[in-house]
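In this text, all values refer to a predicted model and were calculated from it rather than measured experimentally. Order of listing sets the numbers, starting from 1, for every ligand and every atom in it.
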Amino acid sequence: MQFNTYTVAGAHIAVWLVNHPAPDAPTLAAVLRGYDVHEPEPTADETLAVRSWAMRLRQIFESPTVENKAELTDALLVAADCRPRLVSHGPGQPFHFHYAPVLTGLAARVRALTAAGLAHVIDGGAGARLRVCSRAGCEVAFIDTSRNGRRHFCSVRCANQVNVANHRHRQRQVSSPAPR
Ligand SMILES: [Zn+2]
Ligand SMILES: [Zn+2]
């Protein structure tokens, strides 16, 4: 599955929100603009509404099975009142999906876009790639876009920390005398 299309942009926005659950309005606007979201500047109320949505998004990444993730994401589609439409922004402009009308306000559009993005990832057979870092205490969410789909850490840093800890653990087991 392709992870860099506009179709799954909502999944990447979801990851960002899970990892930045209390953004201020300018930061949120900048991130949304980076994903070509229309009129991305949230009001104060919309910023708060997006924050509470981020907590629901986290559950998808933390749930253990694809079945769980799919059930939760399906519930998000309903909660977000996701209604895909084909929209063009002017003559000759490309048609693309909008998941909620611009008039519904930014928070509603972010809810619909993130729910749809996660749903597309699961629909594409990549639900198991919606993960949180395996290093205890890290909790950073990510989409595993690696070719083999076996990435379990959010960063090289977390992977190295766990590898070093495992290595020390093994060394201790080898060097300490067996208990009698
Ligand atoms: Zn558009
Ligand atoms: Zn991590």
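- Separating the OG1 atom in Thr114 from the CD1 atom in Ile60 is a distance of 9.0 Å, to the nearest 0.5 Å.
- Residues Leu77 and Ile13 do not share a hydrophobic cluster, defined by chaining ILVMFWY side chains whose heavy atoms lie under 4.5 Å apart.
- Angle NE2(His96) to the Zn ion (ligand 1) to NE2(His98): 100° [nearest 10 degrees].
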Hey, mind stepping through Trp16 and Leu57 against side chain to side chain contact (heavy atoms under 4.5 Å, CB included) and telling me if it holds?
-> CA-CA 10 Å; Trp16 187 84; Leu57 292 174; over 6 Å; no

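- Here the angle centred on the Zn ion (ligand 2), running from SG of Cys138 over to SG of Cys158, is 110°, rounded to 10°.
- Within His38, NE2 is the N, O or S atom that lies nearest to the Zn ion (ligand 1).
- Within 6.0 Å of atom CZ in Arg157, 12 or fewer heavy atoms from other residues, nucleotides or ligands are found, so the atom counts as exposed in its surroundings.
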